[in-house]
Amino acid sequence: MMRYSRQRDRIHRYVRESHAHPTAQMVYDALREESPKLSLGTVYRDLNQLAEAGELTRIALPDGSCRFDGTLHGHSHIVCERCGAVEDVEVLADRFGGQIERQTGFRLSTLSLVMRGVCPACRGDDAAGSAAGKPKRV
């Protein structure tokens with residue numbers, strides 16, 4: 001069990017309230033004005049401790065970087081290949097469980113994917129504003 005820390009609590013709250021799936025740098029940039037003694041190393045350490053404790057989800061991206069998510073229920077993510085935006089996607093494990101078990105013999109307990117694509121804003125679609133921030137269901 002982690003000891004209470006005001007800084008860790010603020011970092012945790014920021015990630016839970018953010019829909020941007022922030023990086024450690026994004027969290028640091030957002031909080032350093034209100035917490036001038038906060039260091040980037042502390043942010044990295046606290047984010048990783050919170051993820052290891054199951055309080056946040058660490059999203060390992062294909063480029064080796066990590067983003068953090070305060071939404072703990074099972075879901076997947078899609079990352080824009082151009083701007084790096086990350087969105088939640090609800091991929092239903094029950095749609096794939098039987099197929100995965102037939103192919104591998106594994107019984108699926110959780111499903112977490114990181115998909116890549118190009119977001120509506122980067123494509124210049126008119127739908128960019130209406131789709132932002134809402135989980136997509138696949």
Side-chain angles (χ1 to χ4, degrees):
M1 179 170 220
M2 290 183 293
R3 288 184 354 187
Y4 176 79
S5 156
R6 185 174 299 142
Q7 286 181 335
R8 186 180 306 113
D9 183 58
R10 182 62 187 110
I11 290 167
H12 188 207
R13 223 171 340 117
Y14 178 81
V15 175
R16 279 194 335 254
E17 293 169 359
S18 171
H19 296 286
H21 303 84
T23 63
Q25 184 69 52
M26 292 165 72
V27 173
Y28 173 72
D29 290 344
L31 299 180
R32 70 178 169 190
E33 190 171 310
E34 73 182 55
S35 301
K37 293 183 179 180
L38 184 66
S39 74
L40 183 57
T42 297
V43 173
Y44 272 103
R45 187 171 35 260
D46 286 346
L47 286 170
N48 285 310
Q49 287 176 352
L50 288 163
E52 288 168 16
E55 299 288 326
L56 296 176
T57 301
R58 182 185 302 113
I59 306 165
L61 299 179
D63 68 0
S65 66
C66 288
R67 304 288 281 263
F68 293 88
D69 192 351
T71 303
L72 299 178
H73 76 275
H75 65 283
S76 296
H77 298 92
I78 189 160
V79 181
C80 180
E81 296 172 321
R82 293 186 187 161
C83 71
V86 179
E87 292 282 336
D88 291 337
V89 180
E90 300 294 334
V91 177
L92 303 175
D94 57 351
R95 293 177 78 183
F96 300 103
Q99 181 181 358
I100 290 169
E101 190 168 352
R102 283 189 301 279
Q103 287 180 14
T104 67
F106 280 74
R107 179 158 294 138
L108 186 65
S109 59
T110 60
L111 177 66
S112 176
L113 302 171
V114 176
M115 297 167 267
R116 297 185 333 204
V118 180
C119 73
C122 288
R123 286 194 328 263
D125 290 357
D126 292 333
S130 63
K134 296 180 183 172
K136 282 71 174 172
R137 211 166 168 80
V138 177

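Bear in mind the structure is a predicted one, so any value in this text is a computation, not a measurement.
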Taking only residues two or more places apart in sequence, or in another chain, which ones meet Glu33 in a salt bridge (Lys or Arg N to Asp or Glu O under 4.0 Å)? none
Among all residues two or more places apart in sequence or in another chain, which pass the side-chain contact (heavy atoms from CB on, under 4.5 Å) test with Ile100? Phe96, Thr104, Leu108
Could you state the interatomic distance from CD (Glu17) to CZ (Arg13), rounded to the nearest 0.5 Å? 6.5 Å
Using the test side chain to side chain donor-acceptor pair (under 3.5 Å), find all partners of Gln25 that sit at least two apart in sequence or belong to another chain. Asp29
Closest heavy-atom pair and its distance - Gly54, Leu72: O-CD1, 3.5 Å
Between Gly84 and Arg67, which heavy-atom pair has the shortest distance, and what is it? O-NH1, 2.9 Å
Listed once per pair and sorted, the salt bridge (charged side-chain N to carboxylate O under 4.0 Å, His left out) pairs that draw on residues 74-84, sequence neighbours left out: Glu81-Arg116
Can you confirm whether Val43 sits close enough to Leu31 that some side-chain heavy atom of one is under 4.5 Å from a side-chain heavy atom of the other? no
Starting from Leu61 and following side-chain heavy-atom contacts under 4.5 Å between hydrophobic residues (I, L, V, M, F, W, Y), which residues can be reached? Ile59, Val79, Val86, Val114
If I compare all heavy atoms of Cys80 with all of Cys119, which pair ends up nearest, and what's the gap? SG-N, 3.3 Å
Residues two or more places apart in sequence or in another chain: which of them pass side-chain contact (heavy atoms from CB on, under 4.5 Å) with Ile78? Glu87, Val89, Met115
Could you grab the distance from atom CD of Gln49 to atom CG of Leu56, nearest 0.5 Å is fine? 11.5 Å
With Ser39 via side chain to side chain donor-acceptor pair (under 3.5 Å) - residues at least two apart: Thr42
Under the side-chain hydrogen bond (donor to acceptor under 3.5 Å, both in side chains) definition, can you give me all pairs with a residue in residues 53-62, not counting sequence neighbours? Asn48-Arg58
Straight-line distance of Tyr44 OH to Phe68 CZ, nearest 0.5 Å: 8.5 Å
For Tyr4, look at atom OH and say whether over 12 heavy atoms of other residues, nucleotides or ligands are found less than 6.0 Å away. yes
Do Leu50 and Leu38 sit in the same hydrophobic cluster, where Ile, Leu, Val, Met, Phe, Trp and Tyr count as joined when their side-chain heavy atoms come under 4.5 Å apart? yes
Spacing of Leu47 atom CG and Tyr14 atom OH [to the nearest 0.5 Å]: 11.0 Å
List the residues meeting side chain to side chain donor-acceptor pair (under 3.5 Å) with His75, not counting sequence neighbours, and say none if there are none. Asp69, His77, Asp88
Kindly state each residue pair satisfying salt bridge (charged side-chain N to carboxylate O under 4.0 Å, His left out) with at least one member in residues 102-115, sequence neighbours excluded. Glu101-Arg107
The complete set of salt bridge (charged side-chain N to carboxylate O under 4.0 Å, His left out) pairs with one or both residues in residues 37-51, sequence neighbours excluded, reads Arg8-Asp46
Heavy-atom pair with the smallest gap, counting every atom of Pro22 and Ser18: CD-OG, 3.7 Å
Would you please name every residue forming a side chain to side chain donor-acceptor pair (under 3.5 Å) with Gln7, sequence neighbours left out? none
